[in-house]
Structure formats: C-alpha cells, structure tokens
There are 2 protein chains.
Amino acid sequence: MKEVLQPNRTVTRADVARLAGVSTAVVSYTLNGGPRPVAPGTAAKVLDAVAKLGYQPNAAAQTLSRGTSQVIGLIIPDIGNPFFGAFASAIESAARSQGFDVMICSTHSNSTAYYVRHLDSLRVHGILMLAILDPRDEPLVHKVSTRIVQLNDPRPVAGGVSVAADLYNGARDAVRHLIALGHQTVAFLGDLDDGEPRHAGWRDALRELGAAPGPSAHAPFSREGGVAGMKELLLAGEPPTAVFASSDMIAIGALRALHEAKIRVPEDVSIVSFDDSPESAFAFPGITAMRQPIEKMAQEALTALINPRHLRPGLHLHPTTLVERQSTAPPAR
Amino acid sequence: MKEVLQPNRTVTRADVARLAGVSTAVVSYTLNGGPRPVAPGTAAKVLDAVAKLGYQPNAAAQTLSRGTSQVIGLIIPDIGNPFFGAFASAIESAARSQGFDVMICSTHSNSTAYYVRHLDSLRVHGILMLAILDPRDEPLVHKVSTRIVQLNDPRPVAGGVSVAADLYNGARDAVRHLIALGHQTVAFLGDLDDGEPRHAGWRDALRELGAAPGPSAHAPFSREGGVAGMKELLLAGEPPTAVFASSDMIAIGALRALHEAKIRVPEDVSIVSFDDSPESAFAFPGITAMRQPIEKMAQEALTALINPRHLRPGLHLHPTTLVERQSTAPPAR
DNA sequence: ATGAAAGCGCTAACAA
DNA sequence: TTGTTAGCGCTTTCAT
C-alpha cells in the first residue's frame, strides 16, 4: 500500500477510461451515444467501469464544453403564491419529463432584468418568464443569448412567443354566466386599468348583454386586496348580487369580507373568480372559477423553448373553462 | 469591412482584457476582489471595459474552475403545496441575500436519491433537503461530495445537521390550549404512527393533563385527507368538541367537512392546526394554529450549509408559537 | 472503431 | 502590481 489515495477525490471520466482500458473519447461516445460509434464489447467495459466507480459526469464541465446546459430558468414573481406555485409545479414536471432541470428565480420585488442576465450567465437552455415584462427591459431580452418564452404576458416581445390564458374571454364568460343566472349586473374586483384583459372583458360583456355597468373596486392580487376591495364595494352602497373577482386570491379575500359582514354566499351574493386553485375549491362555499389550463400552457411554453420551430412567434392564447361550484346562484329577488 | 463578425459571439474575459489593455488575470483579480491586489487605476479600466462590452462571466466556467457553484439545491416533495411553497420562498430569499441561487427539485413521487445524485453532479454548493430521508438512502448521503442539511426531518443522518420545528411540543401546546379552554378531551387528525411527533405530543399531553384519550382518525397531509379524516371522526360517534389537526391542509379539509355537516366552528367544535399558512388564516373562521418559524429555520439551515462550523451536528429544534384566531372557543355546554 | 489533442471560459499558483 | 500559464472535466474534430 504505497500510494495514499485521496479519500474523496471525485471520479472523472479519465478514471473510467483508465479502468476500462480505453480512451476518454470512447467514454464520451458511449455515454452520449455519439457522435462516433462504439463497439458493443467496448461499451460494455465502459459501462462496467462507470458502475464500479460510481461515476457521475460533471455537469459544469459539460455545460462549458457544450455551451449550454440542461437547465431551464423560470422567472416568477413569488413562488410562495399558490397560483404561481401550482404553475411552477406544472412547469417542473413538464421540464423534468424532457430531461431538463428547472432553476426557479422568485423575483419578489427585484427587477426581472437582473434574473434574465443572471440566468443567461448560467448558460441555461432557455428562460420561461412567468411575469409581466417591463417594456423598458425589452432591449435586454434581445441582447441576451438565451431564448426567452413569456408566460401569461399578453404582450409578447417583438419576434418572441408568449403563452397565456385568454383572460379577456374568460372574464366575459364569467359575466355571461352570472347574467344568465338572472343577475341584473356584475361587480368587478381587480385591476381597474382599461388595458387589463379581465377588466375589459367584464366591461364589454356587460355592455353587449345590455346590462347596467356594475360597480367596481380596485383590488391588488392578494387575499388582503380582496378583503379591501370587497369592503369598498360594500361601503359604496347597495351590496351587489354578483361579483367577478380577477383572481382566486381576491375571491378568497372577498369571501372573508362578506362572511364578516354576515352576507351569505351564494344566497345574497354570487362570486365567480379566476384561476381555479385548490384553495378556492376548498373555500366555503367552494368558489366557481374560470380555470386556467396551466399544464397545457406549461407544456406549450416548454415546447416553444426547446423546439422553437414548432411554435410561430406571437401570442398563443389558451381558453379558460368555467368550473361550477357553490358560490353562484340566481339572485334572491 | 472585411471580417464578418459573429453577430452574437459571447463576450469573454479575454475580450475585456484586450479592451482594457491588461491580462486576463487582472480581470479576474478585479472582478473577484482577489486573490492579488489591483491598482485602482487599472481596476477602473477593467470595470470600464466590462461595462462597455456588457460582459457577464460564464458561470459554468467558474464552477468548473472553482469546483463549486453558487447554487444551493433544494429538494422538496411538491412545490405546488402552499406550505412547501412558503418554505421554498423563505429559503430563496435567505439564499439570495447571501449570493446564492436556489435550484428547486420537486420530487413528486420520485426518490430523493435521484435528485441528490443529480445535484451533486451539478456541483452545487450544498443541498437543503426538505423531505424525510428514506433511511435506505443514508449511505448515499455520505458518499456524495456535497454537504447536505436536512429540514423538518426529526432524524438527522449520522454526523449531519437537521433543522426542524418542534412538532412534539407544538402538539402538546395545542392540546393544552384546548383543554385550558374547558374541553374534556381533544380529537386527533393526522398520521397515527406512534413515532410521529405530533401524534405523540397529542397523546402525551392528554395523558399528563388527566384528560380522557380523545378519538383519532388517520388523515393524509392534504385537504382531501382532512375531509376524509373529519368525516371518519363524525361517523365514529358523538362529534368531538375539540380537534387538533396535524397540518393546515388537514384543518382546511376538516373545516369543509364540518361546514357540510352543518356543524359550527367554533361554537360546536374548536380546531387548532399546525403550520399557520395564509390559507388557514383566511379560511372562515380563521384557524388557530401553531406557527412554524420558517424564516428562522431557513436561515439556520442555510448557515449550516454555508458556514458549517457555526452549527454542531444533530437535531436543531425550533419552537412553534400559538397564533390565536377564530376557530377556538370554550365548549358549548 | 478508437485515440490524441484542441478547445470551452475562468481561476490562481507562480514568475516577473 | 501585473502577466503567464497550467489546469478544471468534458466534447468533438481529425487522425489513425
């Protein structure tokens, strides 16, 4: 026993080559299935050595050599938000099944630009951006060497692809559903910006159906926002008999405000919300919601990233579907 | 115009060196603040060139050269679960503030061993394992070259550190709270395994307080599990007046089952749950819960990973605190 | 079918 | 204080 082996020296491809009695190139050929053929017997020896040594290729070296990694970067506002969590989960599964890892960057309050640059320096295979892109950052997106696909942003960058739910028509369908139940009009909770598709859809649907324009209140996309918005609606005058909430979180908050005001759902007021997360399904009463097909969207966005030829540039809208639960009923009279 | 420049050739450290009129080493020294000093004037020239070229170091090359990356791997059962989502969010913030990225691996049903190996091959700086480690995988953990810190696993591997909430005492405190309110006994919802700390804490607290052993039902850690468990409890006989649920998700499900059975909370039955997620706070009524200090735990686990000297091996328990909301009251009687 | 060797971009030991 | 250069582990072209 002369040589003292480094106890934990990591096993490299050279060790495998030595043990198998071949060159390092052949080890690569074998493990990567190319680009040159390998004789079956040789391959067996290599695989043997790999198993014996417990060899794991060094991913960093592979990335450096290949110029790209098997990692997909995901930029997301906040992984702690259940809706984004569910979306991230769907993306993770889809990516994993294609052999990609997902690196999640929760921006919280930071700028997305920072993360775009950062992921680019990691030479990720591509970036999925589940956040509204600040128009000022568009130049950056084009400067970067990684492909970027937007998710849920209605405004794709020039030449880029964005996969999004059809918020506008979803909002219209929600309103139609409530009006069809017999409600005179529908109140709105969410972002009051005219460009916001859900707000526009709500407004247009009421107009087309000849219904009176309902009251509306600004509500940030959070449970607290829903509480505040609903309270504002209640204070403003006669309580509405029907409410369209722009997200589940808002609906959850609205529900809380209604409960506290002893207003019953759906007897006194009906609610339809957006997203259809488990949380809203398990609220009491269960909330009728427009479901976003997040699995499909995740799949499509990933395809766009991995196999760009399959998807033309532009906005790719996915329809939402109404999931009926107990929060909606005809008006009491 | 003779030479046709590659339009998007990525800028390397050599380009910076050339433009700044220095060697590549000096570029490194400047950007890394060492290991050799750099004259202020020289540094300025380098920084200038960096800015002018928009240079971003190639993280893969850095990882290869340094032998380790600035990435922390996080193994988590399911990022779509709100509790894990919140935990991941806390870990992400903590890591980010220390200059680390987080690579999230949601295992879903796969074995954690696969991800441990995978993250190791990525030469991550360390692995945070927010999942119960299968004892059969313990040998693997020792074979790997990356440091692993366990989160929420009451059984640290030999020589390793595990950071966890004190589930046992948390359960005891929950039971004490309910008994102090005047309840004769407390029912249990969760994992009935005797080794499960919350189950043990519940059982022991009742015994010590001289209360009758309450009924219990098995409930998987999900909303659906809570519904099923609560229904089982209701079918078994006289409804309990107080229930301890092992997690928020279980409590949410239990609440739903009680609502459907027209049993009022807290008038007819009080509930205390575990975790204290926003979802349980916004349930109706708001659920009294034992709060896990996830931010603190995330911080400590990260410290253990980055600065191992600061934390001795073994189990590091964090106390939980009772957050009172509207789901608890004295029994009707 | 196999091997030798030139990178990939960066770090850091060593030389100057 | 700055420059030269030998790696880090892997891929892949080009010889053989």
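Computed from a prediction, not measured in an experiment: that's the story for all the values here. Throughout, a chain's letter reflects where its sequence line sits, starting with A, and its residues are numbered from 1.
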For this session: Looking only at side-chain atoms of Ala61(B), point me to the closest of dG3(D), dC10(D), dG9(C).
Result: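 Of all the options, the side chain of Ala61(B) is nearest to dG9(C).
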
Exercise. Looking at the side chain of Ser28(B), which of dT11(C), dA4(C), dC10(D) is the nearest nucleotide?
Worked result: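 Of the candidates, dT11(C) comes closest.
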
If you take atom types as modelled and just measure distance, does the side chain of [X] reach the base of [N] with a donor-acceptor pair under 3.5 Å?
X	N	value
Thr24(A)	dG9(D)	no
Tyr29(B)	dG3(D)	yes
Ser65(A)	dG7(C)	yes

Using a heavy-atom cut-off of 4.0 Å across all strands, would you classify [X] as base, sugar-phosphate, or nothing?
X	value
Thr42(B)	sugar-phosphate
Val38(B)	sugar-phosphate
Arg13(B)	base
Val27(B)	nothing
Ala39(A)	sugar-phosphate

Flag, side chain of [X] to backbone of [Y], donor-acceptor distance under 3.5 Å:
X	Y	value
Ser106(A)	Ile79(A)	yes
Thr107(A)	Ser109(A)	no
Asn81(A)	Asp78(A)	no
Ser65(A)	Gln62(A)	no

Calculate the interatomic distance between [X] atom [atom1] and [N] atom [atom2]; express it in whole Å.
X	N	atom1	atom2	result
Arg123(A)	dG9(C)	CZ	P	8 Å
Gln56(B)	dG9(C)	CD	C1'	14 Å
Gln62(B)	dT11(C)	CD	P	4 Å
Asn32(A)	dC10(D)	CG	P	10 Å
Leu53(B)	dG9(C)	CG	P	14 Å
Leu64(A)	dC8(D)	CG	C1'	9 Å
Arg18(B)	dT4(D)	CZ	P	13 Å
Arg66(B)	dA13(C)	CZ	C1'	16 Å

Exercise. Would you say a side-chain N or O of Asn58(B) is under 4.0 Å from OP1 or OP2 of dC8(C)?
Worked result: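 So the side-chain polar atoms of Asn58(B) never come under 4.0 Å of the phosphate oxygens OP1 or OP2 of dC8(C).
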
Problem set entry | Arg155(A)/Asp153(A) under salt bridge (Lys or Arg N to Asp or Glu O under 4.0 Å): CA gap, chis, key distance, verdict | CA-CA 5 Å; Arg155(A) 213 187 61 87; Asp153(A) 188 335; 5.4 Å; no

